[in-house]
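Owing to the predicted nature of the structure, the values given are computational and were not obtained by experimental measurement.
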Amino acid sequence: MLRLTVGPEDYLMIGDDIKIIFLGGSKNHTRIMLDVPKELNIVRSKVVESGIENPEEKENLPHYYAVPDLPEKYRKKKVIVNDGGRKTRQNNDGNGA
């Protein structure tokens, strides 16, 4: 499995004829656009899962669980610096944010 961080309008190419374009979104939703040949069958996971009645077959389906946000101890710390009455945020490396 490959995990990437992408920005709006970034895209991935799979082979020569499949393009996945990331359009943006919010914290819980991501919008994508797929440019694929008509011969390929594309189905959302909810549709596949809803079509299976047998619980044993559902258990055998591949599952992906989102990774939660990093614990606080692994996040980059932000420091508030009072610069002559003007507050600025800086990363712990001293660069302004």
Y11 and F22 have their tightest heavy-atom pair at CA-CD1, 4.4 Å
Test of understanding: clusters of I, L, V, M, F, W, Y form through side-chain heavy atoms closer than 4.5 Å, transitively. Do I42 and L12 belong to the same one? yes
Are the side chains of D35 and I18 in contact, using a 4.5 Å heavy-atom criterion? no
Distance (rounded to the nearest 0.5 Å) between I32 CD1 and K19 NZ: 14.0 Å
Main chain of G7, side chain of D10: is a donor-acceptor contact present, judged purely on distance under 3.5 Å? yes
Measuring from atom CE of M33 to atom CD of E9, what distance do you get when rounded to the nearest 0.5 angstrom? 7.5 Å
Give, for atom CG of D17 and atom CD of E39, the distance between the pair rounded to the nearest 0.5 Å. 8.5 Å
In terms of hydrophobic clustering (I, L, V, M, F, W, Y; side-chain heavy atoms under 4.5 Å; direct or indirect links), are L23 and M13 co-clustered? yes
For the atom pair CD1 (I20) and CD1 (I14), what is the distance rounded to the nearest 0.5 Å? 4.0 Å
With sequence neighbours left out, write down each residue that passes side-chain contact (heavy atoms from CB on, under 4.5 Å) with N41, or none if nothing qualifies. V43
Who pairs with P8 by side-chain contact (heavy atoms from CB on, under 4.5 Å), at least two apart in sequence or on another chain? none
